[in-house]
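What follows is a set of notes on a single structure, which appears directly below.
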Amino acid sequence: MLEFENVLRQLGSFGPYQRRVFVLVSMFETPVAWAMLLPIFLNVVPEWKCPDSSNASLTYNSSFTSNISFPLSINVKKCSESGLLCPEASFTKEIQTIVSEWSLVCDRKWIPGTITTIQMCGLLVGALVMGQLADIFGRRRLLYLAYSLLLAVSLGSAFANSWQLFAVFRFFIGALVGSVMVVNFVLPLEFVTPSWRTFCGCVGFWAVGLMTLAVWGYFITNWRYLVIGTSVSGVFMLFSWWFVPESPRWLLSKGRYDEAEAILKTVAKYNKVDLPDLSTLRKVSEISNKPEKRFKNFSYWHLFRTCQMTKNSLIVMYGWFVSSSVYYGLNFNTRNLAGNLHLNVFISGLVEIPALVYVVALNNIFGRRKITLSLMLLAGISCLAVLVINLIDESQTTLIIVIAMIGKSAISGGWAATQVFSAETFPTVVRNIGIGACAMSARIGGIIAPQIVLLSKGSIDELPFAVFGGLALLCGFLMLCLPETNNKPLTDHIITIPGLDDEVKVNGRSLEEEIPLHHPES
């Protein structure tokens, strides 16, 4: 809505009030990241043994334990010939995970990855359902409702007495994470002008959540206490309820003008600026809410109505699929890297920050295609390099970890760049539908990511990097097939008609089209 954009500019495009809303709402990402990425620690396979009559001893090391003695003739992490776990098997007490809780090794080793896949299925369901509900009932109320339920369900999962029940809990946790992230991303964007949406879409506290999760895992080695700690500590975010308002843009779309005006008056007072005339905004909102003024309904079919649209839609959907599968795959595969798991997880969160800075700083200078290509190529080459180094000399653990983290950093930035690129690629009339299709592709990528990680159960732990590397390289080159959108007017219609895609001006002022984005960890 042009008039609302004009009001925001007069109030301050990203003034103190908007910054407060952005920071408070973005802070939800930290505890949400804990809930989402807990499987990194919950699915760790501790050292285990089968008893033997020998009194000799064997000392071994792992990322969690050191100098632990077992009988020499035991089989450390060795299944029977039939693939079953011996009935008397016991796990080290140094760390307790769901694997040791329910003996998820040997013929049951597929279960942890499957539970994570079930969680990612919940993520898809939650994002789809919440997207509709937030448009009906508002952003703020559903944000806090979904987050409260997430804390409750996450806490409840700590008391699951079977892996089947735990899997059900993880499904609902995934659904609630998807619900929170949809609203968490949209709400701050509806308080700022288009020039700040790339910044708000790329910058957040997800990486902070990943880094602090490593600290949680270091100090709490019992999975039940780890889940309880991360759930209970997230309660503090509920106190932000009194400082986060409803979206005035949504209120205007529902005809609740008085409430929207009250919030805009608060924004003006907080930003210490004069309140602009809101009479025109009210009239425009009333007109746009009349049934006869509503636009034609479009469907997913319109994304493939022309050859050009089909090509562009498939490429950007593949970009989201790759970004999600590689991002979550590298996160969940961190436990398979050599070295200290907690340090690896902390670094994997830290390396996301420079990649996002890279996108924010250079995306408008070098263009969408070059930035996205550079990051996808770096991610792909890094992943393949890990595989090659492992095959040549698997003792180069430090080098492998460094290159793997470079790949993780690149895919984080690549996903952010892909968001902006895809939002600008779709015509205005189907932009929300297009982004919705991309989000669905991302969820599918997240669902299969844990299954790709399971490839590490074979003879080569780094085999998942080969798959991730190939996906990222192909994605990078496909991005070259998209038209550059940097510093170009956004297309409004599927079939371009002369005069309709020219810059629109109202009262002599240019209309900046709003660009809907979706957060990378939703």
Phe304, CZ: over 12 other non-hydrogen atoms inside 6.0 angstrom: yes

From Thr116 atom OG1 to Gln451 atom CD, the distance as rounded to the nearest 0.5 Å: 8.5 Å

Main-chain N/O of Gly445 paired with Ser324 side-chain donor or acceptor, under 3.5 Å: no

Non-hydrogen atoms of Val359 and Gly413 that approach each other most closely: CG2-O, 3.3 Å

Side-chain touch Ser247/Arg140, heavy atoms, less than 4.5 angstrom: no

Ser240 (side chain) donor-acceptor with Leu24 (main chain) under 3.5 angstrom: no

Approximate separation, where rounding is to 0.5 Å, of Ile95 CD1 and Ser100 OG: 7.5 Å

Any donor-acceptor pair under 3.5 Å from Thr97 side chain to Val44 backbone: yes

Heavy-atom donor-acceptor pair, Ser348 side chain to Val345 backbone, under 3.5 Å: yes

Sub-4.5 Å side-chain heavy-atom contact between Trp34 and Ser154: no

Straight-line distance of Trp216 CH2 to Tyr225 OH, nearest 0.5 Å: 14.5 Å

Aromatic plane relationship, Trp48 with Phe91 - under 30° parallel, 30 to 60° tilted, over 60° perpendicular: tilted

Heavy atoms from other residues, nucleotides or ligands near CZ of Phe172 exceed 12 (cutoff 6.0 Å): no

CD1 on Ile98 to CH2 on Trp223, rounded to 0.5 Å: 7.0 Å

Heavy-atom pair with the smallest gap, counting every atom of Gly319 and Met479: CA-CE, 3.8 Å

Plane angle bin for Phe199 and Phe22 - parallel if under 30°, tilted between 30 and 60°, otherwise perpendicular: tilted

Taking every non-hydrogen atom, the tightest pair across Met120 and Gly446: CG-O, 3.1 Å

Which atom of Tyr327 lies closest to which atom of Ser412, heavy atoms considered: CE1-OG, 3.5 Å

Side chain to side chain contact (heavy atoms under 4.5 Å, CB included) evaluation trace for Val227 with Leu42: CA-CA 9 Å; Val227 173; Leu42 302 186; 4.1 Å; yes

Side chain proximity check, Leu343 to Ile401, heavy atoms < 4.5 angstrom: no

Tyr144, OH: over 12 other non-hydrogen atoms inside 6.0 angstrom: yes

Non-hydrogen side-chain atoms of Thr418 and Met376 separated by less than 4.5 Å: yes

Short side-chain to backbone donor-acceptor contact, Tyr147 and Val32, under 3.5 Å: no

Aromatic ring pairing Trp415/Tyr328, orientation class (parallel under 30°, perpendicular over 60°, tilted between): perpendicular

Phe236, CZ atom: more than 12 neighbouring heavy atoms under 6.0 Å: yes

Arg139 bridged to Glu246 by N-O distance under 4.0 Å: no

Main-chain N/O of Val25 paired to Asn184 side chain as donor or acceptor, under 3.5 Å: yes

Side chain to side chain, Trp102 and Gln164, heavy atoms closer than 4.5 Å: no

Minimal non-hydrogen separation, Val386 against Ala404, with atom names: CG2-N, 3.8 Å

Note, Met405 side chain near Asn344 side chain (heavy atom, < 4.5 Å): yes

Worked check of side chain to side chain contact (heavy atoms under 4.5 Å, CB included) between Ile353 and Met211: CA-CA 11 Å; Ile353 298 175; Met211 290 187 290; 4.1 Å; yes

Distance in Å, Tyr358 OH paired with Ser409 OG, rounded so as to fall on 0.5 Å steps: 10.5 Å

Side chain to side chain, Trp206 and Met36, heavy atoms closer than 4.5 Å: yes

N/O donor-acceptor pair under 3.5 Å between Ser382 side chain and Leu378 backbone: yes

Rounded distance (nearest 0.5 Å) linking atom CG of Leu176 with atom CG of Leu123: 10.5 Å

Step-by-step side chain to side chain contact (heavy atoms under 4.5 Å, CB included) determination, His342 to Phe41: CA-CA 9 Å; His342 306 97; Phe41 293 105; 3.4 Å; yes

Criterion side chain to side chain contact (heavy atoms under 4.5 Å, CB included) on Phe321 and Ile444, from CA distance to verdict: CA-CA 7 Å; Phe321 169 83; Ile444 295 173; 4.1 Å; yes

Side-chain donor or acceptor of Gln96 paired with backbone N/O of Asn222 under 3.5 Å: no

Donor-acceptor under 3.5 Å (Ser26 side chain, Val23 main chain): no

Heavy-atom side-chain contact between Phe468 and Ile411 under 4.5 Å: no

Least distance between heavy atoms, Thr92 atom then Pro46 atom: CG2-CB, 3.8 Å

Six-ring centre of Trp163, Arg170 cation under 6.0 angstrom, axis tolerance 45°: no

